Amino acid sequence: MICLAISVTCVPECKNNGTCVSQNNCSCPSGYTGPTCEIQSVGLCRDNEILDKKPILLVTFGNGLSKYSQLTPDRFNFSTTYKQQFQPTTYDGSFSFINRVPNDFNNDWHTDATDHTGDPGGYMFLINADEKPGQFYNGTVNNLCIGLRYEFSVYLANIMKLTGRIKPSVRFEVRSPSLGNRLLAQLSSGDVPEDTTLAWRKYGLSFIAPSSTVVLLMISDAPGGGGNDLAIDDIALTVCSHKGSGFCPS
Ligand SMILES: *[C@@H]1O[C@H](CO)[C@@H](O)[C@H](O)[C@H]1NC(C)=O
Ligand SMILES: *[C@@H]1O[C@H](CO)[C@@H](O)[C@H](O)[C@H]1NC(C)=O
């Protein structure tokens with residue numbers, strides 16, 4: 001009988017207690033992902049960990065009397081690969097800051113539904129997602145405390161009323177500019193379901209900050225065209241399980 005000893009090695013080695021299961025193939029424990037388990041992949045913090053905490057970042061998009069806000073993403077400290085529309089009608093790859101869901105497609109959307117914040121005339125970030133993956137949101141936050149856990153959260157709503165269409169899906173990423181833009185954390189919302197009335201749900205991830213500045217990203221994770229139409233509101237970054245503010249100005 002011939003016995004072959006098969007030795008498998010992973011180079012670079014598996015991190016965060018990942019197991020090398022075959023040549024250069026790491027099996028990651030829960031909470032980690034990526035080729036060497038180097039990327040954090042943990043959901044939102046529990047409510048009692050962030051209760052009454054003032055977010056370090058909160059973007060509600062403000063409010064106003066006119067249906068379309070004239071403010072641009074730079075006023076909210078972020079950039080996007082989508083094109084802003086200040087009047088009807090949205091097309092694939094465009095967005096508006098708007099205080100009611102418009103009726104751009106024969107009532108296929110939840111026409112006249114309002115934002116999540118609930119303030120009169122409150123604006124939301126309404127997107128008709130592109131066929132190609134795009135970046136909804138790229139924002140930088142400074143003065144985080146290294147080693148603390150933070151929650152990057154947002155409220156999402158599928159604005160489509162019809163069933164059986166492409167559902168929106170958003171990939172959340174956290175990157176560190178001072179560490180060569182390294183991907184620190186990543187998690188997908190999965191399909192955001194359609195409902196009989198517009199329903200806002202909280203999504204996002206949590207991560208431990210290895211640097212005081214991080215870039216927060218929301219990326220389209222589903223094809224556009226006939227679906228993948230969504231609204232975003234109340235983008236927040238909040239410290240979890242910590243008595244202080246979670247704010248560490250240098
Ligand atoms: C944008 O960033 C500036 C400087 O960090 C800050 O003062 C301001 O409050 C931010 N605006 C929003 C809407 O977050
Ligand atoms: C996010 O935007 C910054 C500039 O504001 C840019 O340097 C960076 O490359 C962008 N990140 C990604 C992943 O696109």
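FYI, side chains are in, hydrogens and waters are out, and symmetry mates aren't considered; it's all heavy atoms of this structure. Please read all numbers here as calculations on a predicted model, not as lab measurements.
- Ring geometry for F78 against F125 counts as tilted: the plane angle lies between 30° and 60°, on a 0 to 90° scale.
- Two residues are said to be in side-chain contact when any heavy atoms from C-beta on lie closer than 4.5 Å; L126 and P102 meet this criterion.
- The shortest heavy-atom contact between L44 and F152 is CD2-O, 4.1 Å.
- Separation of the Y82 and F95 ring centroids does not fall under the 6.0 Å cut-off.
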Quiz prompt | Candidate pair S188 and S169, rule side-chain contact (heavy atoms from CB on, under 4.5 Å), full reasoning | solution = CA-CA 7 Å; S188 173; S169 180; 3.4 Å; yes
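- Residues Y155 and M124 are not in side-chain contact: their nearest non-hydrogen atoms beyond the backbone lie 4.5 Å or more apart.
- When hydrophobic clusters are built by joining Ile, Leu, Val, Met, Phe, Trp and Tyr residues whose side-chain heavy atoms come closer than 4.5 Å, directly or via intermediates, I219 is not grouped with I232.
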Exercise. Show the numbers, then the answer: is there a side-chain contact (heavy atoms from CB on, under 4.5 Å) between T114 and R100?
Key: CA-CA 5 Å; T114 55; R100 291 189 175 270; 3.6 Å; yes
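- A salt bridge (charged side-chain N to carboxylate O under 4.0 Å, His left out) with R201 is found for one member of D191, D195, D234 and no other, namely D195.
- Residues Q84 and S94 bring no donor and acceptor atom of their side chains to less than 3.5 Å of each other.
- Counting all heavy atoms, side chain and backbone alike, G31 lies closest to V42 at O-CG2, 3.8 Å.
- The hydrophobic clustering, which links ILVMFWY residues whose side-chain heavy atoms are closer than 4.5 Å, places V141 and V239 together.
- Around atom CG of N181, more than 12 heavy atoms belonging to other residues, nucleotides or ligands sit under 6.0 Å away.
- Every residue was checked against the ring-ring contact (aromatic ring centres under 6.0 Å, His included) condition with Y68, not counting sequence neighbours, and none meets it.
- Both V192 and L230 belong to a common hydrophobic cluster when Ile, Leu, Val, Met, Phe, Trp and Tyr are linked at side-chain heavy-atom distances under 4.5 angstrom.
- Residue-environment remark: CD (Q23) exceeds the threshold of 12 foreign heavy atoms within 6.0 Å.
- Side-chain contact check for E13 versus T36: every heavy-atom pair is 4.5 Å or farther apart.
- Closest approach of F136 and S220 over heavy atoms only: CZ-CB, 3.4 Å.
- We find that K202 and E151 are joined by a salt bridge, their nearest charged nitrogen and carboxylate oxygen being less than 4.0 Å apart.
- Residues I159 and L198 meet the side-chain proximity criterion, which asks for heavy atoms closer than 4.5 Å.
- No side-chain heavy atom of R75 sits under 4.5 Å from any side-chain heavy atom of F97.
- In the hydrophobic clustering of this structure, F207 groups with L148; members are Ile, Leu, Val, Met, Phe, Trp, Tyr whose side-chain heavy atoms approach within less than 4.5 Å, directly or through other members.
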Self-check item: side-chain contact (heavy atoms from CB on, under 4.5 Å) evaluation trace for K15 with Y32
Solution: CA-CA 9 Å; K15 310 211 167 43; Y32 294 96; over 6 Å; no
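- Pairing each heavy atom of L156 with each of S189, the nearest pair is CD1-CB, 4.3 Å.
- Contact record, K53 with H242: NZ-O, 2.6 Å, taken as the closest heavy-atom pair.
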Self-check item: Worked check of side chain to side chain donor-acceptor pair (under 3.5 Å) between T117 and D233
Solution: CA-CA 7 Å; T117 319; D233 204 4; 3.1 Å; yes
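- Both F76 and I127 are assigned to one and the same hydrophobic cluster, defined by single-linkage of ILVMFWY side chains at heavy-atom distances under 4.5 Å.
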Quiz prompt | side-chain contact (heavy atoms from CB on, under 4.5 Å) evaluation trace for V174 with Q40 | solution = CA-CA 9 Å; V174 182; Q40 302 177 46; over 6 Å; no
Quiz prompt | Steps toward disulfide (SG to SG under 2.5 Å) verdict (C20, C10) | solution = CA-CA 6 Å; C20 188; C10 289; 2.1 Å; yes
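- When hydrophobic residues (I, L, V, M, F, W, Y) are linked wherever their side-chain heavy atoms come within less than 4.5 Å, the members clustered with I39 are L183.
- T90 has its side chain within reach of S96: a pair of non-hydrogen atoms, C-beta onward, lies under 4.5 Å apart.
- Residues C26 and C37 come closest through the heavy atom pair CB-SG, 3.8 Å.
- The number of heavy atoms from other shown groups lying within 6.0 Å of CD1 (I146) is above 12.
- Side-chain contact check for N128 versus Q85: every heavy-atom pair is 4.5 Å or farther apart.
- Counting only heavy atoms from C-beta outward, the side chains of D115 and F61 never approach each other to under 4.5 Å.
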